[in-house]
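Take a look at the structure below.
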Amino acid sequence: MILIIDFGSQYNQLIARRVRECRVYCRIESPEVDIDYITNLKPEGIILSGGPSSIYEKGSPKVDPAILNLGIPVLGICYGMQFMVSALGGDVKRTKKREYGFAELNIKEQTGLFKDAGKKTDCWMSHGDSIAKLPKGFKTTASTENTKIAATANPKKKLYGLQFHPEVHHTPKGTRMLRNFLFDICECKHTWTMKSYAKESVNQIKTVVKDKKLILGLSGGVDSSVTALLIHKAIGKNLTCIFVDNGLLRKDEGSKLKKTLKQHLDINIRFVSAKNKFLKALSGVTDPERKRKIIGKVFMDVFEAEAKKIKGVEFLAQGTLYPDIIESQSAFGGPTAVIKSHHNVGGLPKNMKLKLVEPLKYLFKDEVRLLGKELGLDDDLIWRQPFPGPGLAIRIIGEITRKRLFVLREVDDILLEEIKNGGYYKKLWQSFAVLLPLKTVGVMGDQRTYENIIAVRAVSSKDAMTADWARLPHKLLGKISNRIINQVAGVNRVVYDISSKPPSTIEWE
Ligand code: XMP
């Protein structure tokens, strides 16, 4: 296990991704963790991340310097390196010119971090401070034109520092350097697999939940489905899943999910049909934010009422993922900041007083998919595109009525079928249809029509923070448009959304 100390770098998740890609487990922790906590974790190595602060600034984040004397190998990256140097008696100074972007790295010896990294290689710099003087026992191991001490090492103490960022892909030999740190210097083993994770996680859930009851809100997405399978493996019948059909789902979604999950396991699922409640509360509402608030509130009312029917529940499980935790934990935040991440969990009713179980909270999305595969989840569910909680309500611009829901569902179903047939479903982050509150004139047969417009949206993205509109082939777009107009009564025009995020968003509302 590798411990990453988070000094606030925008690249922290990337460091964790790179380590996990090497099949080594890692955790990101705040610099405020105390030394006993660190020794208890028994990390094979420690990575001190970069960060936006200057080491000599008042209030800049610091970790207990005893971390450098545990005999555990440490790699400091950018600010992390400056922290290490400064804590051990070296000097860090502001550079005249901020260095940002590519630089050519001249490597002195191809050993340690630089084994097999060549003599010269590109590296990615992003710093305003530099090392002016190294502490005793350290030597310069690489430099660039602007930065004399671009890398340093004290091999005897297993302390290493890089001024540049090995985790970004602009440093082509970066992964090689990280691997050298993990496998040569820290002597890690490639043991991080989803098989081992599943086993460990099931044992942990058993220890925590024991013979008590647990409930889980099942949405039909990959995160909550994998959470369900994992917990079911641990506590069997004591898990009850609650699936709320809010009437805003895609065509046949509820029944498909029921079939998929039941097919595999004998999971206890309560399917609650609450369509009327949701539609009544949404009647006449057109404002997107009000739609979201109403849906959230009705969901909690329904979920709570259902949960109360199950006697003796003590735990509530959620499919929270690692990025949610990392994003809500600041470099300066202690445990209180971490708790904030849980509020997305849907504002749990306070009087429920349930203890939280979040078995995926140290996993990234692609790892959750691998874990789902390991647990035997259907490919259909594993590769399901994200679907927003408020469902079709935010894809019907304007008022939500049964009739408009029916039209959008039929259109959406055709669109997905064509996207899947064309081999694009897994390649796209999301693909969906939006029903506009506008009508235009058309002609069908010899008849004039005056019907709805559908907008088709298809985007590629890594994490939904940014997205690009998908360059789908014209032939496929033509087929989609043709089928929608011919097969769905009430639609006579289809347009394709060619905006990226930013400045647009993925959803239209
Ligand atoms: P935007 O539209 O903000 O969407 O670019 C980014 C991602 O978030 C999803 N999304 C939501 N998910 N509740 C959700 O659970 C919501 O209210 C919501 N709004 C947007 C969206 O589908 C996309 O994947």
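Every number for a ligand or one of its atoms is a count from 1 in the order of the listing. Just so you know, these numbers use all the heavy atoms, side chains as well, and skip hydrogens, waters and symmetry mates.
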What is the nearest protein non-hydrogen atom to [atom], stated with its residue, atom name and distance?
atom: atom 24 (O) of ligand 1; value: Gln430 OE1, 2.9 Å
atom: atom 11 (C) of ligand 1; value: Pro388 CB, 3.5 Å
atom: atom 16 (C) of ligand 1; value: Pro390 CD, 3.4 Å
atom: atom 15 (O) of ligand 1; value: Gly389 N, 2.9 Å
atom: atom 19 (N) of ligand 1; value: Arg292 NH2, 2.9 Å

Check: Is there a donor-acceptor contact under 3.5 Å from the side chain of Arg369 to the main chain of Ile382?
Finding: yes

Checklist line | Arg493 (side chain) donor-acceptor with Asn452 (main chain) under 3.5 angstrom | finding: no

Checklist line | Contact bool for atom 8 (O) of ligand 1 (protein heavy atom, d < 4.0 Å) | finding: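 Within 4.0 Å: no protein heavy atom nearby.
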
Taking [X] first and then [Y], would you say they form a salt bridge - that is, a charged N and a carboxylate O separated by under 4.0 Å?
X: Arg17; Y: Asp366; answer: yes
X: Glu418; Y: Lys479; answer: yes
X: Lys355; Y: Glu314; answer: yes

Check: Looking only at distance, does Glu507 have an N or O less than 3.5 Å from an N or O of ligand 1?
Finding: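 Yes - when backbone and side-chain N and O of Glu507 are compared with those of ligand 1, one distance drops under 3.5 Å.
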
Margin query: I'd like to check whether Phe387 has a polar contact with ligand 1, where a contact means an N/O of the residue lying under 3.5 Å from an N/O of the ligand.
Written below: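 Such a contact does not occur with ligand 1.
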
Checklist line | Lys/Arg cation over aromatic Tyr362: Arg27, 6.0 Å, 45° cone | finding: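 Pair Arg27/Tyr362 counts as cation-pi.
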
Check: Could Arg20 and Tyr25 be counted as a cation-pi pair, given that NZ or CZ must be under 6.0 Å from the ring centre and within 45° of the axis?
Finding: no

Can you list the ligand 1 atoms lying under 4.0 Å from a non-hydrogen atom of [X]?
X: Lys501; result: 1 (P), 3 (O), 5 (O), 6 (C)
X: Thr505; result: 1 (P), 2 (O), 5 (O)
X: Trp429; result: 24 (O)

Checklist line | Pairing residues for Glu57 by the salt bridge (charged side-chain N to carboxylate O under 4.0 Å, His left out) criterion, not counting sequence neighbours | finding: none

Note to self: Looking at ligand 1, is there an atom of it that comes within less than 4.0 Å of some heavy atom belonging to Trp508?
What the structure shows: no

